[in-house]
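Right, one structure below, let's go through it.
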Amino acid sequence: MPTYTLPDGKKLSFDEPKSGLEVAAAIGTGLAKAAIGWKVNGELHDLSWKAPEDADIQIVTFPRPGQQASPDALYLMRHSAAHVMAEAIQDVVGKDVLLAYGPPTETGFFYDMYVPAGKSISTDHFNAISGRMAEIIKENRPITRYEQGSEEGLRRLRAEGNKYKVDNAERALGLPSSVYRSSKPAPAAERQATQSLSFYATGTPGKNWEDLCRGPHVPSTGRIGAARVMSVASSFWHGDENSDRLTRVYGTAFPTQEELDKYLAQLEEAKKRDHRVIGRALRLFHIDEDVGQGLILWTPRGSIVRKELQTFIGAELRKQGYTEVFTPHIGRLELYKTSGHFPYYKDSQFAPIVERDDLDKACAEGCSCAELMHRVEGVSERFRSVMNDRTKAETITQDRVVPDDKLISGFLLKPMNCPHHAKIFASSPHSYRDMPVRLAEFGTVYRWEQSGELNGMTRVRGFTQDDAHLFCTDDQLPAEMQGCLDLVKIIFSTLGMKDYRVRVGLRAPDSSKYTGTKESWDKAEAACIAAAESLGVPFSKEPGEAAFYGPKIDFVVKDVIGREWQLGTVQVDYNMAIRFDLSYIGPDNKPHRPVVIHRAPFGSMERFCGVLIEHFAGAFPTWLSPEQVRVLPISEKSADYARKVERVLLDAGVRVSIDESPDRIQSKVKAAADDKVPYMLIVGPRDAEQNAVSVRARGIEKDLGAMPLEQFVSGVREEVSTRRATLDVKP
RNA sequence: GCCACCUUAGCUCAGCGGUAGAGCGAUGCUUUCGUAAAGCAUAGGUCCAGGGUUCAAAUCCCUGAGGUGGCUCCA
C-alpha cells in the first residue's frame, strides 16, 4: 500500500503500486495530459513505471505555452530526441550505421555512432535527417519500454553484431567487457548493475525502431516538440584515443519551434560577442599564419588592455610582498630534466633546440633517429644518481643513461617558469627569517598544443603567465594560500566577474602516483579547502584532479558559447624543492625543505584577455579602454577648441583622440560608439564659449548634456584611478 | 592529431563550369553640419596554395596550409 508524497507535502495512498500516469490522473486530468515523466525520490522515471514503495514524487510536465521547460522535462525530451535522431540517421545514411551511446547534454543531446568505412555523415545530410525527425515526431509514436533477461538480451545484441551495444549491456549488467580492448580500463558503470536489460521501441516492439537503453523517455514522440541536428564531430569510444573512432552527431530539442528558433538566435547573438570577432573589429590582437598558429600578436590597442591589467596586479603584488624577477625564454635541457618536464611532457613541448656541434658529431657517426632522440633525452650517470638520491626513488631509470661524450645538449623553449625561479631561490642561502620568498614574473611560456585544440586567445601555443612561485615553510602554507586567493578575489571583483566556479583538485583516494608524504598532503589539502571556503562562493572538491605534485585550486569561467576555460590557479608543490634540492635554514640551524606554491591569478594574459573581451563585449571600463575619450568637433570650425580639449586631457594622462574627419556629427558618434569608446566629447561653438564639453557615454546613453571641461577631466581621472567598472562621469 | 564544414576586395558575404560582384570600410571632391551612417566619384582581387579533369575552373577532383565546431590532451 504505497503512499506517494507530492512536492507540496500532500500524500496520496494507493492499494497497489501505481504508474506516474495513474498518479497524475488521480491528481487531475490536466496534469495527466501534460505529464511526460515523473521523479521518484529524486530519480527520473518513465511515466509508465510503477513506484513500488512509499516515495516523494513529482510529476514532470510538458511546459504550457509561455512556460519555461524544467530541466527534467528537457532531459526527457532530449534523451528521446536522441533516439529519434538515431532512427532518422539510420533511415537517411544506412542501417549499417552502428549506434553506440546517445545521452542528453546541457544544451541538447548527441549520439555517438560507428559509420562504416566509405560512408560519412556530413552537413549535407542534416536537412534530410532533421526532416525525417520531424516526421517521426509528427507520427506521435508511443515510446515503449520492455525488458529482456540478461542472457537473452545479450544473445540478441551479439546477433545484431553491434559490439558497442554489447559493451553497454555488459557494463549495465556489471560484467567485464568482452569487446572493449584498450590501454585504458573502461570507465565503471555509473549505476548499480541491473538484472535484466531494457529496450525502448519508438513505436511497437518488434515492428518499429528499437534501442538498448536504460531510459527514461517521454511517453511518445509527439512530446519531443521541435528538434534539430546541430553539428557533427569525431569522438573516441569511451573517450579513449587508442580506441575506435566514432562519429558524434549533436542535436538539440525544445518544447516548441519558437523556443528552438530563439535558442538558435541566441547562438547567433553570442557569436557577435566572440573575442575573435570583437578582437578583429576593435583591433585588439592579430594572429598571423606566417608567424604561426596559436601565437598572439598584441596590437597597440590590445597591448594597452594587457599593460593596464599587469600594472593593476603589479600594484597588488607589491602590497603582498612579492619581488619581481625576469628570466629568459629558454633554458638548458638539463634544467628541464631536473624539473622532470623534459622529456616527460615532450608531446606538448616544442622540440628542443640542440647544440649544432653535438648534432654534427652524432650525424657523422651515422646515428639513427631513435638513437638521436635517446641521446637528447638521456642523462649522465652522475645526473641519474644525484636525482635518484634526492627523490629517494628510481625516478630516472638506467636505460636513460647515456655516456657523457655521447650526450647531446641543448635548450628548451620554456614550458614552465618554475625551474628558472627555483634557480633564483637556490642562488642565495635562505634563513627561516626571510621566508616566504615570493618571486613574480610575467613569464612567457611555449607549449605545443594540438592544432585542433587552438582557439583564438583562449588556447594558444605561446602565452604569458602572471606567474609567481612562493617558497614557504609548512606553517606558512595556509596564510600564503589565502594571500593567493585574495589576489584572485580582487581581480574578479574589480572587473565585475561573478560568473565563475571554483574547483579544488584533491588526490584520488587510491593512487600512488603522487609525490610527497601523506601528512604533508593532508595539510595542504586542508589548507586548500580552508582557503576556498574563505572565498564565500560555492566550490567543488574534485578527487583525482590534483597535480601529481600537490593539490590545487582552479578558477573556471565560461565563454560566450558555454565552453569552460581555466583562468586563475593556485597549486601546492612538494616535488620541486626536492628535485632542485632547495632548502632554507630553520631555527634549529638545520636545512629544511620549503613548500612551493605556483600561482597565476589571471592564468595567462592571452586567455584572460580573451575571456575579458567577451565579458565586456569589447566595452571595457574606462581604466582598461585603449581609447578612453574621443573628442568630436561638430564641424571644422570647432577643430581648434577640440584640439585644446584634447591637449588638456593628454596632459591629464588620459588616452584621448580626436575625430577630425569631415563627416557629420551623427556619423562621428556612430563611429565612436562602434569602437566602444567610453566617453565622447561633442564640442561645438556653444561649448567653446563656455570652456565646456558635451558628454555622451559609450553611445548607450543619449546626450548627457554639457559640463565644464575641468570637471570632466577630474571625473575621468578619478574613475580611472579607482578602476571603476562603470561609466560614472556625468554633468 | 581525428571527424565535419569553411577559405572570393581591409571587413561581412553573394556568385558554384563560359571574362570577378555587393554592402561597409579606404581615398578624393562637394557639404561645415549639435548627438547611432550626408551626397557623388575613384581605387582596391594570384577567388588560400599546388596539382589534375575540361575547349574553358573561383566553381568539379586530389594534396597541402589556415580557420570554425566537437573529440582527445592541458605539467
Side-chain angles (χ1 to χ4, degrees), chain A residues 105 110 112-113 115 120-126 184 229-250 267 271-272 274 276-277 280-281 283 287-290 292-294 336 339-342 344-349 415-416 418-419 445 447-456 459 546-550 552 554 561 563 565-566 569 571 573 575-576 598 604 607 632-639 661-674 680-687 694-706:
Chain A
T105 63
F110 65 79
D112 277 353
M113 44 193 89
V115 179
S120 68
I121 300 176
S122 84
T123 46
D124 294 342
H125 293 113
F126 283 13
K184 279 190 195 169
V229 184
M230 298 297 288
S231 65
V232 59
S234 121
S235 65
F236 299 108
W237 191 24
H238 288 296
D240 175 356
E241 61 180 325
N242 297 312
S243 180
D244 297 9
R245 271 189 281 277
L246 302 174
T247 299
R248 173 171 295 184
V249 185
Y250 281 87
L267 286 184
K271 277 189 199 159
K272 292 182 196 159
D274 191 310
R276 293 162 297 192
V277 173
R280 185 187 294 120
R283 305 178 300 286
I287 299 171
D288 195 296
E289 67 177 273
D290 289 339
Q293 285 180 288
Y336 295 96
S339 70
H341 293 118
F342 185 83
Y344 188 69
Y345 290 107
K346 70 173 173 184
D347 287 347
S348 44
Q349 287 161 356
M416 294 282 261
C418 36
V445 297
R447 297 181 189 178
W448 195 89
E449 304 282 1
Q450 298 189 106
S451 62
E453 200 53 59
L454 299 171
N455 185 284
R459 191 73 186 259
F548 73 90
Y549 50 71
K552 59 176 183 173
D554 292 332
I561 53 178
R563 284 178 299 209
W565 300 102
Q566 181 198 302
T569 183
Q571 311 183 348
D573 184 346
N575 195 42
M576 193 164 100
H598 307 245
S604 95
R607 178 176 289 177
L632 314 180
I634 294 288
S635 77
E636 244 170 71
K637 287 176 185 161
S638 305
S661 67
D663 297 322
R664 298 195 310 162
I665 192 66
Q666 286 87 341
S667 172
K668 294 184 190 183
V669 166
K670 175 159 197 314
D674 285 347
M680 301 177 211
L681 299 183
I682 288 99
V683 295
R686 225 155 56 205
D687 304 285
S694 296
V695 183
R696 179 168 176 139
R698 191 116 59 201
I700 303 164
E701 298 188 51
K702 291 272 177 197
D703 185 1
L704 292 176

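Quick note on labels: first sequence line is chain A, next is B, and so on, each numbered from 1.
- Between A38(B) and Arg664(A), a contact under 4.0 Å exists linking OP1 or OP2 to a side-chain N or O.
- Residues Ser235(A) and Asp112(A) form a side-chain contact, since some pair of their non-hydrogen atoms from C-beta on lies under 4.5 Å apart.
- In this entry the distance linking CG of Leu454(A) with P of A65(B) reads 14 Å, nearest Å.
- At a threshold of 4.0 angstrom between heavy atoms, the contacts of Ser451(A) include nucleobase atoms, whether or not backbone atoms are also involved.
- For Gln293(A), a side-chain nitrogen or oxygen approaches OP1 or OP2 of G66(B) to under 4.0 Å.
- In this structure, Leu246(A) reaches neither bases nor backbone, as no heavy-atom distance under 4.0 Å exists between it and the strands shown.
- Nearest nucleotide to the Ser635(A) side chain, out of U32(B), C3(B), C74(B): U32(B).
- Using a 4.0 Å heavy-atom criterion, one finds that Leu632(A) contacts no nucleic acid atom at all.
- Using C1' as the reference atom, U12(B) and C3(B) are 28 Å apart when rounded to the nearest Å.
- Side-chain atoms of Ser235(A) stay outside donor-acceptor range of the base of C71(B), with no qualifying N/O pair under 3.5 Å.
- Residue Phe548(A) is out of contact with every strand shown, counting any heavy-atom pair closer than 4.0 Å.
- Nucleotides G21(B) and U59(B) are separated by 15 Å at their C1' atoms, to the nearest Å.
- Neither OP1 nor OP2 of G70(B) sits under 4.0 Å from any side-chain N or O of Arg459(A).
- On the P atoms, U63(B) is 12 Å away from A4(B), given to the nearest whole Å.
- For the pair Asn455(A) and G69(B), the criterion of a side-chain N or O lying under 4.0 Å from OP1 or OP2 is met.
- Note that the CH2 atom of Trp237(A) and the CG atom of Leu246(A) stand 8.5 Å from one another [nearest 0.5 Å].
- Heavy-atom distances to RNA chain B give each of Gln349(A) and Thr247(A) a nearest nucleotide, and the one nearer the 5′ end belongs to Thr247(A).
- The same atom, P, is picked in C55(B) and in G45(B); the two are 32 Å apart, to the nearest Å.
- Heavy atoms of Arg276(A) sit under 4.0 angstrom from primed sugar atoms or phosphate atoms, though from no base atom.
- Among the heavy atoms of the strands lying under 4.0 Å from Arg280(A) are primed sugar atoms or P, OP1, OP2 only; no base atom is included.
- For G34(B), the OP1/OP2 oxygens have no side-chain nitrogen or oxygen of Gln666(A) closer than 4.0 Å.
- At the heavy-atom level, Ser120(A) lies under 4.0 Å from the strands shown only through sugar-phosphate atoms.
- A salt bridge does not link Lys272(A) with Asp274(A): every distance from a Lys NZ or Arg NE/NH1/NH2 to an Asp or Glu carboxylate oxygen is 4.0 Å or more.
- Spacing of P atoms, C13(B) relative to C73(B), comes out at 33 Å, to the nearest Å.
- Side-chain N/O atoms of Asp687(A) and base N/O atoms of G34(B) include a donor-acceptor pair closer than 3.5 Å.
- Side-chain atoms of Ser231(A) and base atoms of G70(B) include no donor and acceptor less than 3.5 Å apart.
- Across all strands shown, Ile665(A) has heavy atoms under 4.0 Å from sugar-phosphate atoms exclusively, and none from any base.
- At least one donor-acceptor pair under 3.5 Å links the side chain of Lys668(A) to the backbone N or O of Pro633(A).
- Across all non-hydrogen atoms, the minimal contact from His341(A) to Gln349(A) is O-NE2, 3.1 Å.
- Among the atoms of the strands shown, only primed sugar atoms or phosphate atoms (P, OP1, OP2) are found under 4.0 Å from some heavy atom of Gln571(A).
- Mapping Ser122(A) and Tyr549(A) onto RNA chain B by nearest heavy atom places Ser122(A) closer to the 5' end of the strand.
- Closest approach of Ser120(A) and His125(A) over heavy atoms only: O-CE1, 3.1 Å.
- Contact annotation: Arg696(A) reaches the phosphate of A36(B) (side-chain N/O to OP1 or OP2, under 4.0 Å).
- The side chain of Arg248(A) places no N or O atom within less than 4.0 Å of a non-bridging phosphate oxygen (OP1 or OP2) of G69(B).
- Here A75(B) is the nucleotide among C71(B), G34(B), A75(B) with the atom lying nearest to any side-chain atom of Ser348(A).
- Listed by first residue number, the stems of RNA chain B with at least three Watson-Crick or G-U pairs below 3.5 Å are B:1-7 with B:65-71, B:10-13 with B:21-24, B:26-30 with B:38-42, B:48-52 with B:60-64.
- For A26(B) and A20(B), the P atoms lie 28 Å apart once the distance is rounded to whole Å.
- The side chain of Lys668(A) contributes no N or O atom lying less than 4.0 Å from OP1 or OP2 of U35(B).
- Backbone-only contact: Arg563(A) has heavy atoms under 4.0 Å from sugar-phosphate atoms and none from a base.
- Distance Gln566(A) CD to C74(B) C1': 9 Å, rounded to the nearest Å.
- As judged by a 4.0 angstrom heavy-atom cut-off over every strand, Gln450(A) is placed among the base-contacting residues.
- Rounded to whole Å, the separation between the P atoms of A75(B) and A58(B) comes to 48 Å.
- Relative to the side chain of Ser234(A), the nucleotides C2(B), A37(B), C5(B) differ in distance, and C2(B) lies closest.
- Side-chain to base pairing of Arg698(A) with A36(B): no donor and acceptor N or O lie closer than 3.5 Å to each other.
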